[in-house]
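Below is one structure, written out as structure tokens; the observations come after it.
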2 protein chains.
Amino acid sequence: MDNKQLIEEKIDYLKTMCKLKGMRVTPQRIEIYKQIANSCEHPDAETVYEAVKETMPNVSVDTVYRTLSSLEEMDMIFRVDNQLPKARFDADKRPHHHFICVKCNEVYDIFLEPNENVLLPKNAEKFGEIKDVNVQIRGICNKCLQEQINKQN
Amino acid sequence: MDNKQLIEEKIDYLKTMCKLKGMRVTPQRIEIYKQIANSCEHPDAETVYEAVKETMPNVSVDTVYRTLSSLEEMDMIFRVDNQLPKARFDADKRPHHHFICVKCNEVYDIFLEPNENVLLPKNAEKFGEIKDVNVQIRGICNKCLQEQINKQN
DNA sequence: TTCTAAATAAGAATTATTACTATTTAGATT
DNA sequence: AATCTAAATAGTAATAATTCTTATTTAGAA
């Protein structure tokens with residue numbers, strides 16, 4: 001199955017979910033979702049807005065923010081936990097962690113090995129009803145490490 | 001050792017660290033740090049500001065933000081990874097996770113059992129040089145669960 | 001005590017996000 | 001296919017969190 005087909009499947013799923021939740025299937029929703037689903041860069045709202053404007057020049061900032069929130073509410077996309085000023089979004093539903101570079105703010109997906117599973121601290125359920133676990137590893141990414149080395153020469 | 005003494009120790013450590021890093025020991029820095037170190041509520045900047053104003057009515061918002069950033073830079077306090085509009089701060093240097101309530105936004109510390117240790121996904125170091133690992137568990141805290149039950153009756 | 005760079009207060013500016021309102025449109029109903 | 005209506009949108013204003021600017025103050029070295 002090629003990439004185009006994969007995306008079509010995701011869009012179909014979005015349409016199904018919209019109908020299921022009584023939400024309309026609008027071209028804006030599709031385009032905005034496509035941007036997140038197509039990217040592995042965990043884009044922020046502004047990046048999505050700029051990208052969507054390419055094909056829909058009249059799209060409004062408000063629509064992007066509103067749509068991101070509703071896609072999140074329907075579990076189609078997720079917000080990455082971070083310490084950055086802008087929210088970052090992820091459409092990958094497979095459980096995974098994130099490596100966040102403190103230099104360039106790039107967010108990388110860390111997928112678990114087949115035998116690994118997401119840790120859950122023993123004391124966690126004492127605090128309430130758990131919805132999901134989020135793991136971020138902060139550090140300096142290989143790209144930035146290489147740049148540091150290049151500068152030294 | 002009582003609580004007052006514990007805090008004095010922490011302040012002494014702050015003073016030492018300031019001197020070590022060539023930073024001045026100002027009453028504002030001490031008060032702001034005290035607020036975080038004294039609290040287990042992971043306060044945001046505004047809360048710290050309001051609290052510091054009690055004893056220092058002329059403290060400025062800017063000083064609070066600037067000081068929080070410098071305390072963070074000197075590893076005296078840490079920012080909690082979250083999806084909330086406000087940054088939340090933590091002065092506890094012991095490795096621990098966070099339970100974040102999606103209803104009331106309260107942040108609880110999850111300390112590990114003696115035999116437990118912080119997970120590190122096998123693939124993590126492939127992405128770069130790791131600085132720290134951050135685990136958030138999102139869910140509904142016991143207090144909010146209880147409130148839900150109360151409402152139903 | 002003097003001096004100077006660092007830190008601060010006060011308020012303006014910026015950035016990310018959300019709210020408001022008139023208009024458009026998805027999709028249900030005829 | 002045409003009509004209708006609530007949901008969604010565009011455009012723009014407003015808000016909220018944080019950062020910047022500048023004149024003044026102060027920690028701590030000399």
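Throughout, a chain's letter reflects where its sequence line sits, starting with A, and its residues are numbered from 1.
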Among the candidates [options], find the nucleotide nearest to the side-chain atoms of [X].
X	options	result
B:Arg66	C:dT17, C:dA7, D:dT9	C:dA7
A:Arg24	D:dA17, C:dA9, D:dT5	D:dT5
B:Thr67	C:dA9, C:dT8, D:dT18	C:dT8
A:Asn58	D:dG11, D:dT9, C:dA16	D:dG11

Quiz item: Which is true for B:Asp62 with a 4.0 Å heavy-atom rule: it touches a base, it touches only sugar-phosphate, or it touches nothing?
Solution: base

[N] OP1/OP2 closer than 4.0 Å to side-chain N/O of [X]:
X	N	value
A:Thr26	D:dA7	no
B:Tyr65	D:dT18	yes
B:Thr63	C:dA9	yes
B:Gln28	C:dA9	yes
B:Ser60	C:dT8	no

Between atom [atom1] in [X] and atom [atom2] in [N], what is the gap in whole Å?
X	N	atom1	atom2	answer
B:Arg29	C:dA6	CZ	C1'	8 Å
B:Lys19	D:dA27	NZ	C1'	11 Å
B:Gln83	C:dT18	CD	P	12 Å
A:Leu84	C:dT17	CG	C1'	16 Å
A:Met56	C:dT24	CE	P	15 Å
A:Glu31	D:dA8	CD	P	18 Å
A:Met23	C:dA28	CE	C1'	18 Å
A:Met74	D:dA7	CE	C1'	14 Å

Self-check item: Heavy-atom neighbours of A:Lys103 NZ exceed 12 at 6.0 Å
Solution: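 At most 12 heavy atoms, drawn from other residues, nucleotides or ligands, come within 6.0 Å of this atom.
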
Quiz item: When you look at NZ of A:Lys93, are more than 12 heavy atoms from neighbouring residues, nucleotides or ligands closer to it than 6.0 Å?
Solution: yes

Quiz item: Cationic tip of A:Arg138 within the cone over A:Phe99's six-membered ring, i.e. under 6.0 Å and within 45° of the normal?
Solution: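 No; the conditions do not both hold, so A:Arg138 does not lie above the ring face of A:Phe99.
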
Quiz item: Cation-pi between A:Arg79 and A:Phe89: NZ/CZ under 6.0 Å from ring centre and within 45° of the ring axis?
Solution: no

Exercise. With sequence neighbours excluded, tell me which residues meet side chain to side chain donor-acceptor pair (under 3.5 Å) with B:Glu73.
Key: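 Counting only residues at least two positions away or on another chain, B:Glu73 forms no side chain to side chain donor-acceptor pair (under 3.5 Å).
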
Self-check item: 5' priority, DNA chain D, between A:Val61 and B:Arg79 [closest heavy atom]
Solution: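 Upstream on the strand: A:Val61.
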
